[in-house]
Amino acid sequence: MKCHFYLLDINEDRWNDKPCVRLWGVDEKRRRVLVLAAFTLPYFYYVLDDGVDAEKIKLELESKARTALPEISEVRIELKKRLGRTRTALKISCNDTGVVSSYAKQLQKLFKGRATFEADLRLSVRYVTDSDLTPCGWNECEVQPVTLTGVKVDRAYVATSPPLTVKDVTLPKLRLLSFSVLTASGKGSAKPEKDPVRVIAVETNTGESKAFTCDGADDSKLLNSFVSFLANFDPDIILSFESNRLHWPYLIQRFKARRIRFSIGRDGSEPHTSMFGHLSITGRANVDLFDIAGSLPEVKIKTLENVAEFLQTPSSGKVTTIAESDRYALWSTELGRRRLTEHTAVNAKASLEVAEASLTLPMQLSAITGLPLDQVMTAAVGFRVDSYLMKQAHLIGELIPPRSEQPFFTYRGAIVLEPKSGLHDNVAVLDFASMYPNLMVDYNLSPDTLLKPDEQVPADSVNLIPEVKHRFRRSPDGFYKIVLSTLIKERSGISRELKEADPKSSRYKVLKERERAVKIVTNACYGYAGWAGARWYVREVAESAAALGRDTIDKTIKKAEAVGVEVIYGDTDSLFVKNEPNKIDQLLSWVKKEMGLEVRVEQIYVRVLFTEAMKRYAGLLPDGTIDIVGLEVVRGDWSDIARQVQEQVLNSILRDRSTEKAIERVRSTIGRLRAGEVPIADLTIWKTLTKPIEDYKVNAPHIEAAKRLLKEGWDLTLGDKVGYVITKGKGRLFEKARPYNQVRPQDVDTDYYMQNQVKPAAMRILERFGASEEQVGF
DNA sequence: AAGGGCGCACTTTTGA
DNA sequence: TCAAAAGTGCGC
C-alpha cells in the first residue's frame with residue numbers, strides 16, 4: 001500500500017537492528033502517521049588517488065574490515081566529482097551511525113588515499129540530502145503497517161520503497177498550539193529551582209483557550225495540566241515567542257525541580273536541545289516566533305507587540321509589555337493577578353495569530369532547503385544555504401566537503417556614494433534585480449571554475465574579473481552557476497504560476513511565500529561564498545562578485561551622467577536619481593543591452609532628504625507615508641524621546657515643508673523634558689549585551705547598568721537587552737547610568753537628554769535648514 | 001554551542 | 001586635548 005503524507009519532523013532511530021529514520025507527518029485523511037525508513041544506511045566516501053586499482057582496494061578493505069571495522073555492511077565503487085573533477089570513490093556503508101566518523105579516521109590510517117568525505121553528515125541530514133523527500137511538503141512511498149508501542153500516532157508504517165516528493169502546494173489541516181509563560185520572583189529574575197511558574201496560557205487554532213495559574217509555591221498542578229492539555233490536543237506545531245531562549249529552558253528546569261516528567265513528544269520523550277540551539281519535540285515542530293520576527297526586516301525592534309502590529313493581526317492592539325521587575329508586586333494582589341493572567345492569555349492568542357499570519361514562509365523555506373520546520377528559522381542564513389547546496393551537490397554527484405575551521409580573509413565590498421545633501425523633489429530609486437546572483441551566473445563565479453594564479457589557459461576561455469584579477473573558466477558551468485540558475489528558474493516558474501492563480505486563494509499565498517523563500521536562498525549565496533564557515537567557502541568568489549558589482553554600478557553612473565540623469569545617491573546595487581522617465585528608460589535599456597542586467601524603478605519619492613551621511617535618509621512616498629532609513633528614529637539604541645522628536649521634525653519638513661513647525665515641535669519636547677513630564681520609559685536607552693560581561697574592555701553605560709542588575713539577582717545573558725537611564729551626579733557617563741527600573745523621575749539628568757539625545761537627533765535634520773541650536777532653544 | 005558578507009555613522013571611553 | 005579604539009546597530 002501507499003502512504004501519502006505531509007512531512008513535519010524527522011529523527012533517527014533503529015529498526016530491525018539497523019539504523020533508520022523516523023518520518024513524522026500527516027496523511028491526506030488527516031491521520032497522524034509515522035513512517036520508518038531504513039533504505040539508506042549511514043555511509044561515507046573514501047576517495048582514491050588517480051590511477052589506483054579500485055577493485056583491489058575494495059577487496060583489501062573488505063578483508064581487513066572483517067576484523068578491524070566490523071560494522072561495515074557494504075563497499076561500493078562509485079564515480080563522484082570533487083570541484084567538478086571526476087574521482088573514483090568507495091562508498092562505505094555502516095550498520096551503526098555511531099561508527100561513521102571514527103571509521104573514516106581509521107580508514108585513512110589503514111590505507112593510503114586522498115581523503116574521506118561526508119562522514120560528518122548525521123543520518124537524518126543524509127536522508128534528506130539523498131532522497132527525494134520534502135519537509136513541509138507532500139511525499140509518497142510504498143509502506144507496510146507495523147505495530148509500535150509507545151508512539152502516539154494514528155498509523156505506523158515501515159517504508160518498502162524510497163519516498164518521492166509529490167508536487168502539491170496544498171496545506172493539510174494542521175493542529176497549532178501556542179503558549180505563553182509568566183514567571184515572577186520577589187528578587188531579581190525568577191529561578192526555576194525555586195520560583196513556580198505563575199501562569200501558562202494556551203491557545204489552539206480550533207478555538208480552545210486556557211490559562212493555568214498557580215497561586216502558591218507548588219505549581220505541580222499547573223505543570224501537569226499543561227502536559228495533559230498538550231497530550232489531549234496533540235498539536236503538530238507548537239508556537240511561542242522567545243521560547244527557545246526563555247520559556248523552554250525555564251519549563252524544562254522547572255519540571256525537573258518538581259520531579260515531573262515533561263513528556264510531550266509523540267514518542268513520549270521530553271523536549272531536548274538540538275541543532276542550531278533550537279528545541280526539538282519529537283514528532284512535532286516547535287517554532288519560536290522570535291525567529292520568524294528575524295525574517296521581517298520591516299520590524300526593527302523584535303517584540304511580539306511590534307510583530308503583531310506589523311502583521312495586523314486581530315488582537316495586535318491588546319498586546320502589552322509588563323516589565324519583569326513589576327510582575328511580583330502585581331502578582332501580590334488579586335487585581336494584579338487577574339491582569340497578569342489576562343496579559344499572558346493575550347500573548348498566547350497573539351502568538352497564535354502571528355503564527356497563522358507568518359508560518360507559510362518558514363514552511364516554504366523548509367521545503368526548499370530541506371531543513372525541518374523546527375530548525376529552519378533558528379538556523380543562520382549560511383546553514384540554510386549549506387543545506388540547500390548539499391541536496392544540489394548530491395544531485396550532480398559532487399562530493400560534500402566538511403565544515404572546517406578555515407583561515408579567514410576580509411575583502412573589499414560594495415560602493416556607497418556620498419549623497420547630495422538637502423531636500424530633493426521627485427526622486428526615482430533604481431535597483432538592480434538580484435545583482436550578485438546574476439553576476440555570479442554571468443561570470444560563472446564558482447569554487448570549481450576558479451583558476452589558480454599560475455594556471456595557464458587561453459585568455460578567451462576565462463572571465464577576468466576587473467580590479468581583483470581573479471580568473472574563472474567560462475565552461476563548463478560551475479556549481480554555483482548550476483545552483484543559482486536552478487533557483488532563478490524556479491522563481492520564474494513560480495511567477496508564471498502566480499499570474500494564473502487567484503490572488504485571494506491559499507494557493508496564491510503559498511506560492512507568494514515560496515517565491516520569497518527562493519529569493520532568500522538566492523540572495524544569500526553571495527555572502528555564503530565569503531563566509532569562512534561555509535562548506536563551499538571560496539573568498540575569491542565573493543570578492544569577485546563584489547568587484548563586479550562595483551564595476552557595474554560605476555559604469556551605470558557614468559552612463560547616467562552621459563544621458564543627463566542626475567545621480568543623488570547610491571548604495572551597492574541602487575541609484576537615487578532625479579525622476580526623468582524618458583532619460584531613465586534610456587539608461588535602463590542601455591544597462592540591459594550592455595550588461596545583460598535588469599534594473600527596475602523600485603520606488604518614487606515625492607521628496608527625499610539627505611544629511612551629509614551615507615546610509616541615512618528619509619523620504620515621502622506618494623501614498624503619504626514616510627520612509628525613514630538609518631536615522632535615529634529606526635535605531636533601537638536611542639531613547640524614545642529622541643526618536644519621537646526626530647520623527648516629528650522629519651514629518652514637518654517632508655510633509656509640510658515647514659522648518660518653523662519642526663522647530664516648534666522640538667521646543668515643545670524641550671519644555672516637557674524641563675518640566676519633568678517625560679516618563680522614564682521614554683528616557684530609557686536599550687542596548688544589547690553582545691558578549692559576556694567580563695569580556696568588556698571598556699566601561700560603558702549599559703555594562704554599568706547590567707552589573708547593577710546582576711547584583712540585584714537578575715539573570716543576564718548574552719543577547720539580553722539592558723535598559724538604562726542617565727541620572728544626575730558626578731563623574732563620567734557610565735558612572736551615572738542606572739537600570740531603568742531603579743530610577744525615580746527626580747533622579748533623571750535632564751541636561752544629558754537635552755544635550756546628548758534630543759539635540760543631536762533634532763539638529764541632525766534641522767541644521768540642514770539653517771536652524772541654529774540657540775534658535776531652537778538648546 | 002553557535003556561526004553569512006562588507007560599509008558606515010555615531011557615541012563614549014581610553015590613553016598618550 | 002585629541003586621535004584611536006571600543007561598542008552598537010544599522011543598510012544593502
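So you know, we letter chains A, B, ... as the sequences are listed, proteins then strands, and number each from 1.
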Rounding to a whole Å, what distance do you find between [X]:[atom1] and [N]:[atom2]?
X      : N     : atom1 : atom2 : value
A:M435 : B:dG5 : CE    : P     : 21 Å
A:D386 : B:dG3 : CG    : P     : 15 Å
A:D637 : B:dC8 : CG    : P     : 19 Å
A:D695 : C:dA6 : CG    : C1'   : 13 Å

Legend entry - OP1 or OP2 of C:dA5 under 4.0 Å from side-chain N/O of A:Y696: no
Answer with base, sugar-phosphate or nothing: what part of the nucleic acid does [X] contact at a heavy-atom distance below 4.0 Å?
X      : result
A:T410 : sugar-phosphate
A:K687 : sugar-phosphate
A:F432 : nothing

Inset, instruction - Return the orientation label for the A:Y480 and A:Y528 ring planes: parallel under 30°, perpendicular over 60°, tilted otherwise. - result: perpendicular
Legend entry - Test ring pair (Phe, Tyr, Trp, His ring centres under 6.0 Å) applied to A:W531 and A:F408, A:F383, A:W536, A:F409, the passing residue: A:F383
Legend entry - Donor-acceptor pair, side chain of A:E704 and main chain of A:K736, under 3.5 angstrom: no
Inset, instruction - Look at A:R412 together with A:E543 and state whether they make a salt bridge at an N to O cut-off of under 4.0 Å. - result: no
